[in-house]
Amino acid sequence: MKRKWLAALAALLLVLAGCTGKSDTTSGKGNNNEKPAAQKEDISKFPMTVKNDGKIIDGGVLKYGLVSDTPFEGTLSYAFYTGAPDAEILQFFDESLFRTNGDYEITNDGAATYELSDDKKTMTIHIKDNVNWHDGQPVTAEDLEYAYLVIGHKDYTGVRYGDALIQGIVGMEEYHSGKADKISGIKVIDKKTLTITWKQANPSVLTGIWAYPLPKHYLKDIPIKDLAKSDKIRKNPIGFGPFKVKKIVPGESVEFVRNDDYWAGKPNLEGVILKVVSPQVVLQALKKGEIDVAEFPTDQYLNAKGTKNIQFIGRVDLAYNYIGFKLGHWDAKKQENVMDNPKFQNKKLRQAMAYAINNQEVADRLYHGLRFPANTLIPPSFPGYHDSSIKGYTYNPEKAKQLLDEAGYKDVDGDGLREDPNGKKFKINFLAMSGGDIAEPLAKFYMQCWKDVGLDVQLVDGRLAEFNSFYDMVEKDDPKVDVYAAAWGTGTDVDPYGLYGRNVMFNYSRWVNEKNDELLEKGHSEQAFDKEYRRKIYSEWQKLMNEEVPVIPTLYRSAIYAVNNRVANFTVDPGSKLTWKDVGVTSEQPEVEQ
């Protein structure tokens, strides 16, 4: 543990040197004032599938580490969860009706097949006959319809209604407003077949359609407003995935057993034991064989590289880090974002804060290249739509100072910190999340960067916030928060509407803009089935977001998994047909580091 603490401290010193422009002299090489080059890794060279040619044993139990420094929330439903930890639990016992190919497009290889009408406005979905819930009841067309009825209901408490494909279904608006009891655009044809019709064709239907049914027979007696907090979601959830939930210790662990009736065949593993593992001890837990698989913190990779009993696999993640500005609030009654916070309305202030931070330094020094500077809000994991020609906000403190001067933020009392355009003290409250060795150094780094250009930035309540309270404050637009550092997993649909639309709750910055509305609408229009047209629209959108900067994209991410050598068929390759059903172990006990 001491070595880790020292490593974190060293990282902090290096980073602060990078932000203040001071030379690092810790290399001990006399008058050489140049900082030592950081060792850099290249995620493209990582394998995406573990190598294990051993014979999978019958009856193996895999131990999965959910890496987090806080308990998981336990909202175990795709319709309601918001945090990544809950999604990691969901993957074992529930799933989409559709599988996808390497381009994240749905195929007919999953639990359901589909057909799209000639005008691309109607999809017919047929659920395979052998797809059953864990209690033995069949997964039906009514179950998928019920999921839409829950998400579209006015009493729904989750965030999935903020999706153009859901909002665009014929009759959804009338249902959502309470003018209709059903969604006229969804028709149950028979027990296993239904059709969904949209008001206009949308290319996202092939990458982002909602295909997570809810067990109507199991949940229908619970009022929709109470579903998210119900025991049937949080303590005794059922799905139709490869494993069944056997036991949940809230916030700490979940025990799964094999679903012998799984539609795709009997899984190799007899069970999975998932438990929360602190990022501070995850490497030791892997070395001791206490866990077999974990998404590994990239900032710890150099210390773990070469560990004999585990393999590392990885890929560029469908995700990015960002810093968001709180520009308004969510009007739940009107179901729209309202941009009414005057503090950051001047985009020159936002641009200045973007120019002030040194993302390259963070990427090199803290993540050793396993995270890298982000230039736009569409990550390179969407190569057909990511616009690499946009420069983004590279570190330029002098440009930041110039913009602040132009915006009227000047140091009028000589204390080194800028006052607002009215000459009053200007303090910015920054919300940052705990977790991992570098969480605090990174937050201090950002604040130091902003201080270097004359901005007084302080942590909300003087400390980092743990995961659940962090997102509670962000989602509820806590007035104590001015800016916040967070991350988004984009999902497999490139359409950014669900994160930045006027009428979506996930638009946490609460930024609204008519040009944004127009481009997002065009991006999922019928014309956007033409990929070149869609690429041009999203390029224009990326440029708009770069200019307006309601959020600052900071880093793209690599997803790295550490996997014990006894595990077979585990992959992060989006084009692979391997699933949790295929994962197995080739020995009774995990390998341990000698």
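What's counted below: heavy atoms across the whole structure, side chains too, no hydrogens, waters or symmetry copies. These numbers come from a predicted model, not from an experiment.
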Point to revise | Short side-chain to backbone donor-acceptor contact, Arg350 and Gln345, under 3.5 Å | key: yes
Exercise for review: Compute the ring centroids of Tyr301 and Phe46, then answer whether they are less than 6.0 Å apart.
Suggested key: yes
Check your understanding: Backbone N or O of Pro279 within a donor-acceptor pair of the Gln300 side chain at under 3.5 Å?
Key -> yes
**Study point:** Close aromatic pair by centroid cut-off 6.0 Å: Tyr355 and Tyr393
**Key:** yes
Practice item. Determine, using ring centers only, whether Tyr148 and His153 are less than 6.0 Å apart. Key: no
Exercise for review: Flag the pair Tyr409 / Glu419 as yes when at least one side-chain heavy-atom distance between them is below 4.5 Å, and no otherwise.
Suggested key: no
Review point. Just by modelled atom types, is the Pro85 backbone N or O under 3.5 Å from a matching donor or acceptor in the Glu88 side chain?
Key: no
Exercise for review: Give the intermediate values and the outcome of side chain to side chain contact (heavy atoms under 4.5 Å, CB included) for residues Glu252 and Val276.
Suggested key: CA-CA 5 Å; Glu252 298 180 8; Val276 172; 5.5 Å; no
Review point. Can you tell me how far the CG atom of Asn341 sits from the CH2 atom of Trp511, to the nearest 0.5 Å?
Key: 16.0 Å
Review point. Looking at the rings of Tyr161 and Trp210, which for Trp means the six-membered one, are their centres under 6.0 Å apart?
Key: no
Point to revise | Aromatic ring proximity Phe296/Phe312, centre distance under 6.0 Å | key: yes
Review point. Are the side chain of Lys326 and the backbone of Val474 linked by a donor-acceptor contact shorter than 3.5 Å?
Key: yes
Review point. Does Arg535 count as lying over the ring of Phe382, i.e. NZ or CZ under 6.0 Å from the six-ring centre, within 45 degrees of the axis?
Key: no
Review point. Do Glu406 and Gln402 get their side chains close enough for a donor-acceptor pair, meaning under 3.5 Å?
Key: yes
**Study point:** Main-chain N/O of Ala319 paired to Asp317 side chain as donor or acceptor, under 3.5 Å
**Key:** no
Point to revise | Donor on one side chain, acceptor on other, Asp387 and Ser539, under 3.5 Å | key: yes
Check your understanding: Going by heavy atoms in the side chains, are Leu286 and Ile291 under 4.5 Å from each other?
Key -> yes
**Study point:** Option among Val159, Asp163, Asn337 that satisfies the side chain to side chain contact (heavy atoms under 4.5 Å, CB included) test with Phe506
**Key:** Val159
Practice item. Please check if the side chain of Arg418 supplies one atom and the backbone of Val453 the other of a donor-acceptor pair under 3.5 Å. Key: yes
**Study point:** Short N-O contact, Glu548 and Lys347, less than 4.0 angstrom
**Key:** yes
Exercise for review: Side-chain contact test, heavy atoms from C-beta onward, threshold under 4.5 Å: evaluate it for Leu455 versus Phe426 and give yes or no.
Suggested key: yes
Exercise for review: In plain terms, say whether Asp456 and Lys425 are close enough for a salt bridge, that is, a side-chain N and a carboxylate O under 4.0 Å apart.
Suggested key: no
Exercise for review: May I ask you to check whether Asn321 and Thr554 show a side-chain donor-acceptor distance below 3.5 Å?
Suggested key: no
Review point. Is it true that Asp477 and Arg510 have a side-chain N and a carboxylate O under 4.0 angstrom from each other?
Key: yes
Check your understanding: Backbone N or O of Gly501 within a donor-acceptor pair of the Asn507 side chain at under 3.5 Å?
Key -> yes
Exercise for review: Kindly indicate, with the supporting measurements, whether the criterion salt bridge (Lys or Arg N to Asp or Glu O under 4.0 Å) is fulfilled by Asp405 and Lys401.
Suggested key: CA-CA 6 Å; Asp405 287 343; Lys401 292 174 185 175; over 6 Å; no
Practice item. For the pair Glu540 (side chain) and Lys536 (backbone), establish whether a donor and an acceptor sit closer than 3.5 Å, ignoring hydrogens and angles. Key: no
Exercise for review: Could you check if a side-chain atom of Tyr500 sits within less than 4.5 angstrom of a side-chain atom of Leu377, using non-hydrogen atoms only?
Suggested key: yes
Review point. Distance-only, no hydrogens or angles: does the Asn375 side chain make a donor-acceptor pair with backbone N or O of Lys391 under 3.5 Å?
Key: no
Review point. Is there a donor-acceptor contact under 3.5 Å from the side chain of Arg557 to the main chain of Thr298?
Key: no
Exercise for review: Could you tell me whether Glu518 and Lys522 make a salt bridge, using a distance below 4.0 angstrom between a side-chain N and a carboxylate O?
Suggested key: yes
Exercise for review: Dump the intermediate steps for salt bridge (Lys or Arg N to Asp or Glu O under 4.0 Å) on Lys305 and Glu41, then the final yes or no.
Suggested key: CA-CA 11 Å; Lys305 186 179 179 181; Glu41 302 291 331; 3.0 Å; yes
